[in-house]
**Student:** 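For reference, the structure I am asking about is given below.
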Amino acid sequence: MIPWLTLLIATPLLGSVITLLLPKGEKSDATIKWFSIIWSLIPLALASFLWFGYINLDWGKMQFEETYMWIQAINVRYHVGIDGLSMPLVWLTTLLTTLSLFYSARTIHERLREFFFMFLMLEAGMLGVFVSLDFFLFYVFWELGLVPMYFLIAIWGHAEDRPLYSSIKFFLYTLAGSVFMLLAIIAMYINTSSATTPGTFDIIELAARRPFANDFLFATLAFWGIFLAFAIKVPLFPFHTWLPDAHTAAPTAGSVILAGILLKLGTYGFVRVLVPIFPQVFQANATIIAILAAISIVYGALAAMAQTDFKRLIAYSSVNHMGYVILGIAAAVAAGGASLTDRAIAMNGAVLQMFNHGVITGALFFIVGMLYERTHTRAFSEFGGLGAKVPVYGAILMTATFASLGLPGLAGFISEFMVFRGAFATMPVISAISVLGIVFGAAMLLWKVIQKVLLGAFNEKWSGLKDMERFEVVTLAPLLFLMVLVGVYPSSVLDTINTLSVAVLQALKF
Amino acid sequence: MPDVNFLLILPELILAIFGMLILVADLIWREKGHNALAWLTLLGFALAFAATISIWGASVALFAGMYVVDLFSTFFKLLATITGILITLVSMDYLRGRTPYRGDFFALFTFAILAMVMMASSASLLMIYLSIEFLSYMSYLLTGFLREDKKSNEAAIKYFLYGAITSAVMLYGLSLLYGISGSLNLNDIARAFASSVDPTTRVVALASTALVIAGLGFKISLVPFHQWAPDVYEGAPTPITAFLSVGSKAVGFAVLLRVALIALPAFQSNWAQLLAVISIITMTLGNLVALRQTNVKRMLAYSSIAQAGYILIGLVALNLKGASPFAGLNGILIYLFAYLFTNLGAFICVIAIENATGIVEISQYAGLVKRAPLVAALFVIFFLSLAGIPPTAGFIGKFFVFGAALREGYLFLAAVAVVNSVISVFYYFSVVRQAFFEEAKDATPIRIAPAVTFSLVVSAAMVLLVAVWPEPLLNLAAWSMAMVK
């Protein structure tokens, strides 16, 4: 048995240490860049192999599991595994990391060694969260990703966007949520332990044992404690205020990872932890959560529409898009007599939306970053008519934008359609209100992004503007390919997800 | 004196002998060899450390029950000697150029460690009082050791005045305890209270408990007995600040635990409530005031006040019934062990910078990552540990202490504690912010002495090791608490 998942986490961690040890000298910058990019291909290759290397793997169950006792006294185990929920996200993490490193090699010029060190460390932290099946381990990785992101925003952030303020805000917000999760984790352990047997931190075992089964009050407290940690990360209204600041201040690659992966840690937690361990409490509160999701959807779209800054607009559009994910999850476990099929469709849509949002918004942040590199501004008022001046850029931006607003044939449509198709079965009113978000979202993207940037009168200031360079096209090509692939052939990703969704919902026995 | 096995008090004997040896050696080597004195001190601590390990597992009451050698005291003796070693390593460089009387310094410091060791083993009211006074006097002298420095003098006087008052208050409490129980021995006191339910006795006992807590609260720097701490921490020679914030706090807890557990278990519900309130006030006040500090020593002073509040949670939520890893007591021991390396590490970072440049203002740490990358990087690790963020030792400590609170149903206390640890990140990271994100005004590299680098790396390694492989520490704590039951 090869410990695939351990290798997957250990590779970037080891890589980050190596970047610190690479020799200093004139050529050290180039060495660090190339080493990091090539090294990051290893986790990508590993993840691709795990996902596509085996035929007929049952993604509804944990695969490639490894379990070792870690802390005997409190029954903490090093337990990792991967299933249809984590596999697409793990793969996306490795892909976006490689692309980010590749792009950053050309665009980051200061403190290179620290940058690549932090980035690989961040990758290890994110992968660790996705594959951890022990809550203690999960928490360690959860926090491990926090520190590098803090440094990425603060050091390489744009000076005019208050990176120091934004980075500590990001850190404190996330931490404030996660400490309550920590208390809930310990409380669950104590609740599952008895005089003779130790409790458990194992997420799978907790799902089977259902802590606080006879104590709805404590179950509710624990639920909301964990909910807070995840909701801040997603971010769900009203916990979203850190996001626009962090996104705007972060360097391009930081924003890509933040939007592409870090936000998914929250929604991933909903499906991995909250649904299986607290199904009753979740069901009892599904309406409240769905309402928060609907507010995020509508408010996110409207707030995005009000932005004058391109990057801030994309940031708010994340609030809107992540709202669909939460709506789908809440609808999948909502009370009522909906069939398993309806629930599974909602859940499939939610999980696929995580993947799609990572691809699409990741691409959009790259695209914004590329424009900013050339113009050093992101104000919509400065742009206009760029579509004719830089046609390749225009085409790519248009594709990503259409994918984002849910044009059929591109990725976003599939997942959003599925979320609503499933959600209407259990929560018709909230879903109907949320659909407004689609309208506002489309309006916001068409009006602001397409019209203000690509169409309209050309600003002569940019007469010297250069079109996409080859490395930029290379960075975006895989993401554009995925948008089209998932759009026209969704089962490429959905087959894996569907097995998982059905398995998760069946285990709940509604 | 009938057959006392002197091997059992070997650590104490070694420290006493080395303390005097250093004084004599100082006279002989007056002109040269100041570093030789430091090495002699280190040798003493190393031998005492080895001797402590050699009596591992012993559980004996000596000198008519006044002095106990058990695993609980052994645990604290290990902490004391480790503190001694790390502080001596960084003092060598610190004292150079600041004072010519290094021999006196090391002798007094050795005696201070001896006092810590004795406090850990004291099992009678008299012995407790004497060893606390012993430690206090050594601390006063060491705090005022920089005779030319006004702040150091002021700190010593302040410390002395506060100390004298609280020790008088505590003595009053101890005498009341003696008066109503008729014994100085902790076990006998417990027996007296177990049988007596006389309401008058109860009132007096509660009053004396409060007075004793006041006296020990001074050592541990609990609010409202903390006012001395910031000024003393700022004025004292920085290695001594580190010592006060770690060593003297740890043994303060040792005595508090022993008194509370052995002598006063009958009143647990009373002192637990009192301590719960003190804990909440202590951590909240410590953290909020730390936010405003601009001097790194003062900031760490308030931080260490807050830390005392967290540790106290373990005592509030103490429950030794049923073998649970969240019994409270082991949480305190784990926390103290983690805190030892974490806080010492943070202070050693401060000392490393102060030795080379004299800087103690946080704003002057700008660009530290370019000037002293190792120190800057380790600062991050120590601060993460102080804030309780994994993967660090501080996280393990908080995990068990907060867990104890949850197990006993102190939900509010646990919630206040975690909110506090989020607040603390803000001021800890104000140092990180200066060190990593601000431009250096003066970009000359800072040279760090090898001994300082060594103790820094050891502390950081321990902080990470405890997080990655906590099993040995958990076992150590479990054994140490088994002896108290």
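So you know, we letter chains A, B, ... as the sequences are listed, proteins then strands, and number each from 1.
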**Student:** Counting only heavy atoms closer than 4.5 Å, note whether A:L221 contacts chain B via side chain, backbone, both or neither.
**Tutor:**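 Interface part for A:L221: side chain.
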**Student:** B:F436 and A:F151: aromatic ring centres closer than 6.0 Å?
**Tutor:**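 That pair passes the under 6.0 Å test.
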**Student:** Name the option with the most non-hydrogen atom pairs under 4.5 Å to chain B; the candidates are A:Y189, A:Y150, A:Y139.
**Tutor:** A:Y150
**Student:** Do we get B:R433 above B:F429's six-membered ring, with its NZ or CZ under 6.0 Å from the centre and within 45° of the axis?
**Tutor:** no
**Student:** Side chain, backbone, both or neither: which part of A:L182 has a non-hydrogen atom closer than 4.5 Å to chain B?
**Tutor:**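 The answer is the side chain of A:L182.
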**Student:** With chain A as the partner, which of B:I389, B:V418, B:V419 has the greatest number of non-hydrogen pairs under 4.5 Å?
**Tutor:** B:V418
**Student:** Does any part of the side chain of B:S279, heavy atoms only, come nearer than 4.5 Å to the side chain of B:L413, both counted from C-beta?
**Tutor:**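 Yes, at least one pair of side-chain atoms sits under 4.5 Å.
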**Student:** Is a donor from one side chain sitting under 3.5 angstrom from an acceptor on the other, for B:Q434 and B:S363?
**Tutor:** no
**Student:** Side chain from CB out, backbone as N, CA, C, O: work out which of these in B:V432 comes under 4.5 Å of a heavy atom of chain A, or both, or neither.
**Tutor:**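 The side chain, not the backbone.
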**Student:** Any side-chain donor paired with an acceptor under 3.5 Å for B:S421 and B:Y310?
**Tutor:** no
**Student:** Under 4.5 Å heavy-atom distance to chain A, tell me which part of B:A467 shows up: side chain, backbone, both or neither.
**Tutor:** backbone
**Student:** Between B:I423 and chain A, with a heavy-atom cut-off of 4.5 Å, which part of the residue counts as in contact: side chain, backbone, both or neither?
**Tutor:** neither
**Student:** Looking at A:I168, A:V140, A:L164, which has the largest count of heavy-atom pairs under 4.5 Å with chain B?
**Tutor:**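 Between A:I168, A:V140, A:L164, the count favours A:L164.
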**Student:** Below 4.5 Å from any heavy atom of chain B, which atoms of A:I190 appear? Answer side chain, backbone, both or neither.
**Tutor:**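 A:I190 touches chain B through side-chain heavy atoms alone.
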**Student:** Of the backbone (N, CA, C, O) and the side chain (C-beta and beyond), which part of A:V147 lies under 4.5 Å from a heavy atom of chain B, both, or neither?
**Tutor:** side chain
**Student:** Can a salt bridge be assigned to the pair B:E438 and B:K370 using a cut-off of 4.0 Å between side-chain N and carboxylate O?
**Tutor:** no
**Student:** Which region of B:F400, side chain (C-beta onward) or backbone (N, CA, C, O), has a non-hydrogen atom less than 4.5 Å from a non-hydrogen atom of chain A, or is it both or neither?
**Tutor:** side chain
**Student:** May I ask you to decide whether B:D442 forms a salt bridge with B:R371, counting only side-chain N to carboxylate O separations under 4.0 Å?
**Tutor:**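 B:R371 and B:D442: salt-bridged.
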**Student:** For B:F426, which atoms come within 4.5 Å of any heavy atom of chain A: side chain, backbone, both, or neither?
**Tutor:** both
**Student:** Do you know which of B:F326, B:W469, B:F437 has the most heavy-atom pairs under 4.5 Å to chain A?
**Tutor:** B:F437
**Student:** Examine whether an atom of A:Y78 lies under 4.5 Å from a heavy atom of chain B, and if so say whether it belongs to the side chain, the backbone or both; otherwise answer neither.
**Tutor:**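 Neither part.
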**Student:** Would a distance-only check, ignoring hydrogens and angles, find a side-chain to backbone donor-acceptor pair under 3.5 Å from A:W242 to A:F171?
**Tutor:** no
**Student:** With only heavy atoms counted, which part of B:L473 is less than 4.5 Å from chain A, the side chain, the backbone, both or neither?
**Tutor:** neither
**Student:** So, is the end of the A:K233 side chain (NZ or CZ) under 6.0 Å from the ring centre of A:W142 and within 45° of the ring's axis?
**Tutor:** yes
**Student:** Test side-chain contact (heavy atoms from CB on, under 4.5 Å) on A:I226 and A:V273 and set out the steps.
**Tutor:** CA-CA 9 Å; A:I226 301 175; A:V273 175; 4.1 Å; yes
